[in-house]
Amino acid sequence: MKLKGKVAVVTGAGQGIGRGIAEVFAHEGADVVINDLTADSRTDEVLNDIQSKGRRAIVVAGDVSQRADVERLFDAAWSEFGAVDVLVNNAGIETIVPFTELTDKQWEDVTNTNLKSEWMCSQSFCKRLIAEGRRGSVINIGSIQAARVLPGRTHYAPSKLAIEALTRNISAEVGVHGIRVNCIHPGLIDTPMIRWVLESPDILPHVVAQISLGRPGLPCEVGSVAAFLASEEAGYVTGQSLYVDGGWVGK
Ligand code: NAD
């Protein structure tokens with residue numbers, strides 16, 4: 001088990017990639033703090049799944065684009081588990097709006113949820129680790145759209161490309177404290193966020209044709225890479241951004 005004895009916080013873990021990461025982490029021996037906007041039947045399912053693997057878990061509802069909720073998340077995690085070893089910044093939203101129609105609010109909603117949240121959660125987490133002299137690992141979830149243009153994403157794509165720079169720059173400042181920071185850029189992953197793509201007979205074949213492996217990925221396939229990056233096996237890996245995309249960006 002790669003993550004035996006570790007505690008991980010996963011944001012946006014009520015469904016999709018975050019859920020996949022939380023479940024793989026539990027399989028690899030980690031206890032998990034499940035964050036999402038609300039505590040509901042989805043987060044209960046994740047909680048039950050993790051507990052059925054013999055691991056401990058709690059749900060902490062909160063909006064990670066809000067500073068007060070971020071601090072409350074880590075206060076709750078530290079209070080329940082005594083410390084946290086791994087943070088996965090996964091929560092994100094995507095909207096599709098033509099550039100000339102994009103509003104300030106749409107820009108701010110996407111940027112705050114996708115980018116500001118990763119900065120704030122990383123800062124809160126790293127400050128606590130540094131104060132306690134603990135090592136740790138941060139994994140930021142970006143997107144294939146850091147490197148590929150899809151229509152109507154002039155707000156989403158920059159928020160995801162910026163996560164690469166965020167990752168490199170935080171890693172440079174916290175490496176001396178034994179904290180590693182890496183980024184995963186998922187490709188087309190089968191989650192509720194992109195169900196409309198998976199269910200479209202017009203769009204899906206066009207997208208899949210661009211993917212070397214010829215299929216969408218699964219949340220657990222992102223989870224297993226996240227588990228590697230969080231583990232001691234990746235102890236000399238930091239500041240990196242890795243595409244988990246079935247060979248989309250490389251084709
Ligand atoms: P999803 O919509 O299925 O799940 C995202 C979860 O995050 C939801 O449960 C949602 O409630 C939660 N969330 C949203 N805003 C939040 C906030 N402010 N605070 C706390 N939780 C919040 O999406 P997904 O496909 O699982 O995507 C997960 C991450 O992966 C996102 O950052 C997304 O941009 C990225 N991504 C997804 C794909 C894909 O193909 N699915 C591809 C590239 C990148």
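Sequential numbering from 1 along the given sequence is applied to the chain's residues. Nothing here was measured: the structure is a model prediction, and the numbers come from that model. Start at 1 and go down the list; that is how both ligands and their atoms are numbered.
- Heavy-atom proximity to atom 32 (O) of ligand 1, evaluated over Asn89, Asn90, Thr11, is greatest for Asn90.
- Judged by the 6.0 Å distance and 45° axis criteria, Arg67 is positioned over the aromatic ring of Trp119.
- When only interatomic distances are considered, the shortest N/O to N/O separation between Val64 and ligand 1 falls below 3.5 Å.
- The distance from the OG atom of Ser122 to the CD atom of Glu173 is 12.0 Å, given to the nearest 0.5 Å.
- Not close to ligand 1: Arg19, with no non-hydrogen atom less than 4.0 angstrom away.
- In terms of N/O distances under 3.5 Å, ligand 1 is not approached by Ser143.
- Between Pro216 and ligand 1 there is no heavy-atom distance shorter than 4.0 Å.
- Nearest-heavy-atom check against atom 25 (O) of ligand 1 across Val110, Asp245, Val222, Thr191 picks out Thr191.
- Heavy-atom separations between Gly217 and ligand 1 are all 4.0 Å or longer.
- Checked by atom type, the side-chain pair His155/Glu108 shows no donor-acceptor distance below 3.5 Å.
- Atom 11 (O) of ligand 1 has Asp36 OD1, 2.6 Å as its closest protein atom, hydrogens excluded (heavy atom only).
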Taking distance alone, no hydrogens or angles, what donor-acceptor pairs closer than 3.5 Å link side-chain atoms of residues 225-235 to residues at least two apart or in another chain?
| residue | atom | partner | partner atom | Å |
| --- | --- | --- | --- | --- |
| Ser231 | OG | Phe228 | O | 2.7 |
| Ser231 | OG | Glu233 | N | 3.2 |
| Glu232 | OE2 | Lys6 | NZ | 3.3 |

(request) Using the side chain to side chain contact (heavy atoms under 4.5 Å, CB included) rule, take Val237 and Asn182 through it: C-alpha gap first, then chi angles, then the decisive distance, then the call. (result) CA-CA 8 Å; Val237 180; Asn182 293 290; 3.7 Å; yes

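- Using a non-hydrogen distance threshold of 4.0 Å, Gly187 registers as a contact of ligand 1.
- Residue contacts with ligand 1, taken as heavy atom pairs separated by less than 4.0 Å, involve Thr113 solely via side-chain atoms from C-beta onward.
- The distance criterion of under 3.5 Å between nitrogen or oxygen atoms is not met by Pro186 with respect to ligand 1.
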